[in-house]
2 protein chains.
Amino acid sequence: MKGKATSFDIAHEAGVSQSTVSRALRDSPLVSIETRERIKAIAKELNYKVDKNASNLRQQQSSTLALLLFEDPTSDDSMINPFFLSMLGSITRATAKAGYDLLISFQQFSNDWHADFEDTHKADGIILLGYGDFLDYRDKLEKLEQQNTHFVRWGALEEHNPGVVVGSNNYQGGYNITNHLIDRGRKHFVFIGGADNHSPEFLARFNGFNDALSERGILKPGQTAKHWDAISTETSGYNVCKALLDSGEKVDAIVCASDLIAIGVLSAMKESSYNVPDDIAIVGYDDIPLARFTSPPLTTVKQNTILAGEILVETLIAKIEGRHAKNVLIDADVILRESS
Amino acid sequence: MKGKATSFDIAHEAGVSQSTVSRALRDSPLVSIETRERIKAIAKELNYKVDKNASNLRQQQSSTLALLLFEDPTSDDSMINPFFLSMLGSITRATAKAGYDLLISFQQFSNDWHADFEDTHKADGIILLGYGDFLDYRDKLEKLEQQNTHFVRWGALEEHNPGVVVGSNNYQGGYNITNHLIDRGRKHFVFIGGADNHSPEFLARFNGFNDALSERGILKPGQTAKHWDAISTETSGYNVCKALLDSGEKVDAIVCASDLIAIGVLSAMKESSYNVPDDIAIVGYDDIPLARFTSPPLTTVKQNTILAGEILVETLIAKIEGRHAKNVLIDADVILRESS
DNA sequence: ATTTTTTATTCAAGCGCTTGCTCCAAGTAA
DNA sequence: TTACTTGGAGCAAGCGCTTGAATAAAAAAT
């Protein structure tokens, strides 16, 4: 046998027509059971595999999903948010389970990628990760929607979302972990992270934080909680914490908008000889795998990344198949460890 | 315009034949510059994109690479070795830069995936990550090679490797970091990690460790260094370290086969109130992003993952294009931090 | 015995593109 | 004028598959 076997080869071998081979391999009831089995046996023997390109072309679809990870051009090249990476695993698995392949790509906004993946028939739909943190995503997403591209986005739910959004309940997470700290008797709170409107996700966490403080009377009515800005990296957390300590601000509890920030904060605390949690409580957000191995182990909020990945994939496939797909908010759980 | 535009649509619009359109868009010199430009303008206006499936089918290739991450069925589902993840970034980028797409998939050995990705024309070649740690990979790889599948593997170089291998110089890494510890005056060494022949990579690290100790006279001739077995997870590192401490073994330096193990060890040390590095030095391997935020920051060996990803892709593409591809060993650097 | 229904298979079109070959007109040489 | 290049474009095959429609054979109904 020279080259790969085609369906004609196996048709010839089986003494049937090529179309019967195609039907047999797809388990069409139009082919009798015996012929089906016979054809399958021959196919296996000749190590025949359906050519995806031909099949896709004919069917005008690709049974492939594209995962686009937003890449922050300003941050360190090699740093990918571990939270997204942990979702990568479940997305990959869910995609495979649904019989799709997964294309992955890092994209920057600057690129004019638009709906290329779907336009070229490389993918039937697109999953967007990391597109929640920037102002200028809206235009692009609306363009996608206009083009009728199938896509789901991981991010925050806002009043009007272009496309379908799956996200975790950041408000509730911020609210719950703050209440936990209040229960532990903390009085002086600071929030570190992008508590500005650049990131709706961080903003929701901050709002939960703020509302918890208000409800429990730590904040007087009309007062807004203190926050220090930081981007989601250890380095930024470290620097901001140093600045915070230098400022002389009175504080016995820090809620960080992400574990990465919290890890930077912990490391600044250690360097300045503060004791966590005795002098000050630190909590993070995300429960990245290493959160339990920091020193002290980090109290944090866990987003169910496995569920999230599955729902993202499920939702996208629903859209592709023309079924109804709605926004989903996934609950987040507080994970108690020793930093609080 | 109903549906996506095809090359016929733009041919019609431009008043030329469809084949001229195809040539123009591929910058064929058979088409005059002016017509080329005119056609390109019309294509852009109609938002025309070449259908990948049709193009691939005709050309009998897919300009896609598949990345197969080995998934250890025995370990925690959501845990992916962060080291591989950091390579994912550079692989993705290098793939894109070379004009290929990247399919990603987690595979278990049990599955009979073989060369499916290439057989089905979904990919032109395969990158194998995480296939270095198990005994039974050889058969599969040899099968791949027999089938003439294009693949590169990340792993250790052994006498006879099926296919092409790109790896980092684990022997040298183990050797150098051990010498560093000896320079610091340490006397009682233990290696924690898979110092058995399950993992050629860990074995090479151990050999470097062992040889350094011998050369510097810490080990008497013929003696072999002490090692405790562990798999590459924090939990395993933690447990093994606990057992080591319980054993009463005299030790002032631990070389871990991976950062994950070292992080588990650090956490066990902290719990048992040992001071690192005063009582005992701990070093890891990999320099995962969080290694510099452990407490104390971890001395480790950095594999150049960016370079590694690029070389993997480059090597695979060379194979695909029929050029000569040879095994590559990438140097590893000791990163000094405070745990040693 | 004849017509109708059911079952199993084949025919043939065509998905959208790439590319070897053919064709034509204008330019150059004889 | 005739013959020969040559640059630019068109023709048409065909990549390997899926699938609606046609056909043939067998079974059931009349």
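Chain naming here is simple, since letters A, B, ... match the order of the sequence lines and numbering starts at 1 in each.
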When you get a sec, tell me which of C:dT9, D:dA12, D:dC17 is the closest nucleotide to the side chain of A:Phe8?
-> D:dC17
Verdict with supporting geometry, B:Ser7 and B:Gln18, side-chain hydrogen bond (donor to acceptor under 3.5 Å, both in side chains) = CA-CA 6 Å; B:Ser7 51; B:Gln18 179 268 338; 3.1 Å; yes
If you look at every strand shown and take non-hydrogen atoms under 4.0 Å, does A:Ser22 touch a base, only sugar-phosphate, or nothing?
-> base
Send over the distance from B:His12 NE2 to C:dG16 P, rounded to a whole Å.
-> 17 Å
Would you tell me if any nitrogen or oxygen in the side chain of B:Thr20 comes within less than 4.0 Å of OP1 or OP2 on D:dG10?
-> yes
Nucleotide D:dG16, atom P - distance to NE2 of B:His121 in whole Å = 7 Å
Spacing of B:Asp9 atom CG relative to C:dC15 atom C1', expressed in whole Å = 14 Å
How close or far is atom P of D:dT19 from atom CG of A:Asp27, stated in whole angstroms?
-> 14 Å
Run through B:Leu129, B:Val165, B:Ile311 and flag the one making a side-chain contact (heavy atoms from CB on, under 4.5 Å) with B:Trp154.
-> B:Leu129
Figure out the OH/C1' separation between A:Tyr48 and D:dG16, and round it to whole Å.
-> 7 Å
Is it true that a side-chain atom of A:Asp119 and a backbone atom of B:Lys49 form a donor plus acceptor pair closer than 3.5 Å?
-> no
When you measure from the side chain of A:Arg38 to the backbone N and O of A:Ala14, does any donor-acceptor pair fall under 3.5 Å?
-> yes
Does any non-hydrogen side-chain atom of B:Leu102 lie less than 4.5 Å from one of B:Thr64?
-> no
Contact class for A:Arg26 (heavy atom, under 4.0 Å): base, sugar-phosphate, or nothing?
-> sugar-phosphate
C:dG14 phosphate, OP1 or OP2: any side-chain N/O from A:Gln60 under 4.0 angstrom?
-> no
Per atom distances to the B:Arg23 side chain, the nearest of C:dG20, C:dC17, D:dC17 is C:dG20
Confirm from the modelled atom types if B:Ser19 and D:dC11 form a donor-acceptor pair under 3.5 Å, side chain to base only.
-> yes
Which ones in residues 32-45 of chain B lie close to DNA chain D, meaning a heavy atom under 4.0 Å from one of its atoms?
-> B:Ser32, B:Thr35
Take atom NZ of B:Lys4 and atom C1' of C:dC15, then tell me their distance rounded to the nearest Å.
-> 15 Å
Please give, in whole Å, the distance from D:dG16 P to A:Leu57 CG?
-> 12 Å
For A:Asp124, does its backbone N or O pair with a side-chain atom of A:Gln61 as donor and acceptor, under 3.5 Å?
-> no
Nearest-nucleotide wise, let me know which of A:Ser7 and A:Leu30 is further upstream toward the 5' end of DNA chain D.
-> A:Ser7
Comparing B:Pro29 with B:Gln59, nearest DNA chain D nucleotide closer to 5' gives the residue B:Pro29
How many Å lie between CD1 on A:Ile10 and P on C:dT9, as a whole number?
-> 14 Å
Measure from the side-chain N and O atoms of A:Arg36 to the backbone N and O of A:Val31, and report whether any donor-acceptor pair falls under 3.5 Å.
-> yes
Just do the side-chain hydrogen bond (donor to acceptor under 3.5 Å, both in side chains) check on A:Thr149 and A:Glu145 with the steps written out, would you?
-> CA-CA 6 Å; A:Thr149 303; A:Glu145 197 162 34; over 6 Å; no
Of D:dC17, D:dG10, C:dC17, the nucleotide closest to the side chain of A:Gln18 is D:dC17
Would you say A:Ser17 reaches C:dT10's phosphate, i.e. side-chain N/O to OP1/OP2 under 4.0 Å?
-> yes
